[in-house]
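These notes are about the structure you will find just below.
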Amino acid sequence: MIQARIRKRFGPGPESAGFSLDVEVKAAAGITVLFGPSGSGKTLTLESIAGFVRPDEGRILLDDQILFDGEAGVHLSPRSRRCGYVFQNYALFPHMTLRKNLEFGAERIPRLERHRKVNELLEKFHLTDVSGRRPHELSGGQKQRCSIARALIGSPRLLLLDEPAQGLDAPLRTELYSILRQVRQEFEIPVLLVTHDFEECLALADEMIVVREGRIVQSGAPRKIFDQPANVDVARLIGLYNLLPVEIQALDPGRNVSRLRFEGFELNGPYFPGRLIGDRVWLCLRPDLLSVAPRNGRPGMNQMPAALVRVVERPDRVRMEFAGDIAVEVDRGEFERFSGVKDWVIEFPQVGLRIL
């Protein structure tokens, strides 16, 4: 178990704004993902836990051992923390073969045990056939696997990965995800992984921590965060929603209905507890919950005319992007059925409307 309360501040400079990190992270065995945009403090959090950066305040415990305590003046060196770290650029020694890179990571292990451990990880990560090559002779996926193997060879109590899938193509990403699932199953240690790719969170994370501007804005299971973003900032970070400014026109708790106004059109929705008539809120809707139809006369209830701006092809679906920053995802067959339509209406579901 890793428990970290970290505060770190950087003052403004002549050509840079100040930055303040104030987070509290807890992670048990499994994969916990730190998710957020570049510059939000994700890597700084990893570096503070690993000991590369000394926080201004806070406390970091790993399996009840104090790694850092601001009040007590404790700050263990990175070497003493037994944390495996996988850097964005792999950080492999260019003058060493792959095998030598692993041996360097295992230098504390007795010689005979070290040899066995190196061979075991070479085999586990499918690197035996290239163990005599230097980093510049390896593919991106092989470098990544070597970097993870080196981080694990010293039997760390915690594995830290800083955007490990960055720069990998789709097949190598799939391979990496498979390796990380294997690590989760076999090593049974906390894994903290940094990413700004929400699909990566869904693919890997047991728990997800959303970080924005040095603060945690939501945490929980990825699917729960996807279905129920805490606020507009989280919804925007995930980047998978239509966010439309609406005004509440009517609320009827007895009938469990509401009426919203968006750009002169009225939409029926469910009753929203705790809201008042006249509140201006954000309507949050996934593109796959909307539907489209050819415009035929005056729009009906929960229909709004819209001008199609572009069509984005996907393997099995089509993303239709309309004026007003509204996107709708439909099955390819449904889109082809409406081939040639010029005037559209977007249909909003009454049950699925959610406001933030």
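Hydrogens, waters and symmetry mates play no part in the numbers below; they use all other heavy atoms, side chains included. Just so we're clear, the structure is a prediction, and the values are computed from it rather than from any experiment.
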**Asked** Mind checking who shares a hydrophobic cluster with Phe93, ILVMFWY linked at side-chain heavy-atom distances under 4.5 Å?
**Response** Met96, Phe104
**Request:** Could you list all the side-chain hydrogen bond (donor to acceptor under 3.5 Å, both in side chains) pairs where at least one residue sits in residues 123-137, not counting sequence neighbours?
**Result:** Lys124-Glu186
**Item:** Residues Glu71 and Arg59 bridged, charged N to O under 4.0 Å
**Value:** no
**Heavy-atom side-chain contact between Gln65 and Leu76 under 4.5 Å** = yes
**Asked** Rounded to the nearest 0.5 Å, how far apart are CD1 of Ile2 and CG of Leu159?
**Response** 12.5 Å
**Prompt:** If you take all heavy atoms of Pro299 and Pro305, which pair is closest and at what distance?
**Reply:** CG-CD, 3.6 Å
**Message:** In the structure I gave you, are the side-chain heavy atoms of Tyr177 and Arg173 within less than 4.5 Å of one another anywhere?
**Reply:** yes
**Message:** Run the side-chain contact (heavy atoms from CB on, under 4.5 Å) test against Asp22 and tell me which residues pass, sequence neighbours left out.
**Reply:** Arg7, Arg215
**Closest non-hydrogen atom pair between Cys83 and Ile49, with its separation** = SG-O, 4.4 Å
**Item:** Summary of ring-ring contact (aromatic ring centres under 6.0 Å, His included) pairs that have at least one residue in residues 23-81, sequence neighbours excluded
**Value:** Phe35-Phe198, Phe52-Tyr85, Phe52-Phe87, Phe68-His75
**Item:** Neighbour count >12 (heavy atoms, 6.0 Å) for atom CD, Glu313
**Value:** yes
**Ion pair Arg317/Asp331, N-O distance below 4.0 Å** = yes
**Message:** Could you tell me if the side chain of Pro287 sits less than 4.5 Å from the side chain of Asn242, heavy atoms only?
**Reply:** yes
**Message:** Going by side-chain contact (heavy atoms from CB on, under 4.5 Å), name the residues that satisfy it together with Ser258, two or more places apart in sequence or in a different chain.
**Reply:** Leu251, Leu260, Phe272
**Message:** Between Arg5 and Glu24, does any side-chain N to carboxylate O distance fall below 4.0 Å?
**Reply:** no
**Asked** Relative to the ring of Trp344, is the ring of Phe338 parallel (under 30°), tilted (30 to 60°) or perpendicular (over 60°)?
**Response** perpendicular
**Request:** Report, as yes or no, whether the 6.0 Å neighbourhood of atom CG on Asp64 holds more than 12 heavy atoms from other residues, nucleotides or ligands.
**Result:** no
**Request:** Decide whether His115 and Glu103 meet the rule of one side-chain donor and one side-chain acceptor closer than 3.5 Å.
**Result:** no
**Request:** Sorted by first residue and then second, give each side-chain hydrogen bond (donor to acceptor under 3.5 Å, both in side chains) pair with at least one member in residues 291-300; sequence neighbours left out.
**Result:** Ser291-Glu347
**Prompt:** Linking Ile, Leu, Val, Met, Phe, Trp and Tyr by side-chain heavy atoms under 4.5 Å, what else ends up with Val312?
**Reply:** none
**Request:** Check for a donor-acceptor pair, side chain of Arg145 on one end and backbone N or O of Phe125 on the other, with a separation under 3.5 Å.
**Result:** yes
**Request:** Report yes if the side chains of Leu46 and Val194 come closer than 4.5 Å at any heavy-atom pair, otherwise no.
**Result:** yes
**Request:** Kindly say whether Leu283 contributes a backbone atom to a donor-acceptor pair with the side chain of Arg354 at under 3.5 angstrom?
**Result:** no
**Asked** How long is the gap from NE2 on His196 to OG on Ser38, to the nearest 0.5 Å?
**Response** 5.5 Å
**Asked** Just wondering, are more than 12 heavy atoms of other shown residues or ligands nearer than 6.0 Å to CD in Glu199?
**Response** no
Please list every donor-acceptor pair under 3.5 Å in which a side-chain atom of residues 319-330 meets a protein atom from a residue at least two apart or in another chain.
unit_1	atom_1	unit_2	atom_2	d
Arg319	NE	Glu321	OE2	3.0
Glu321	OE1	Arg310	NH1	2.8
Glu329	OE2	Arg314	NH1	2.7

**Prompt:** Sequence neighbours excluded, which residues qualify as side-chain contact (heavy atoms from CB on, under 4.5 Å) partners of Ser77?
**Reply:** Arg79, Ser80
**Asked** CG of Leu34 to CD1 of Ile216: how many Å apart, nearest 0.5 Å?
**Response** 7.5 Å
**Prompt:** Under 3.5 Å, is there a donor-acceptor pair between the side chain of Lys42 and the main chain of Pro37?
**Reply:** yes
**Prompt:** Should Ile248 and Leu356 be counted in the same cluster of Ile, Leu, Val, Met, Phe, Trp and Tyr side chains packed under 4.5 Å apart?
**Reply:** no
**Request:** Any chance you could measure Leu267, atom CG, to Gln303, atom CD, to the nearest 0.5 Å?
**Result:** 11.0 Å
**Request:** Side-chain contact test, heavy atoms from C-beta onward, threshold under 4.5 Å: evaluate it for Arg184 versus Asp206 and give yes or no.
**Result:** yes
**Item:** Minimum heavy-atom distance between Val211 and Ser40, given as atom pair plus value
**Value:** CG1-O, 3.3 Å
**Request:** Indicate yes or no for a side-chain donor-acceptor contact from Arg150 to the backbone of Val86 under 3.5 Å, with no hydrogens or angles considered.
**Result:** no
**salt bridge (Lys or Arg N to Asp or Glu O under 4.0 Å) partners of Asp279, counting only residues at least two apart** = none
Taking only distance into account, with no hydrogens and no angle test, what donor-acceptor pairs under 3.5 Å do side-chain atoms of residues 226-238 form with protein atoms, sequence neighbours excluded?
unit_1	atom_1	unit_2	atom_2	d
Asn231	OD1	Asp233	N	3.1
Asn231	OD1	Val234	N	2.9
Asp233	OD2	Arg212	NH1	3.4

**Message:** Test of understanding: with side-chain contact (heavy atoms from CB on, under 4.5 Å), list the residues that count as partners of Asn268, not counting sequence neighbours.
**Reply:** Arg259, Met301, Asn302, Gln350
**Request:** Indicate yes or no: at least one non-hydrogen side-chain atom of Leu290 is less than 4.5 angstrom from one of Phe348.
**Result:** yes
**Request:** Kindly indicate, with the supporting measurements, whether the criterion side chain to side chain contact (heavy atoms under 4.5 Å, CB included) is fulfilled by Leu180 and Ile148.
**Result:** CA-CA 9 Å; Leu180 292 179; Ile148 295 172; 4.1 Å; yes
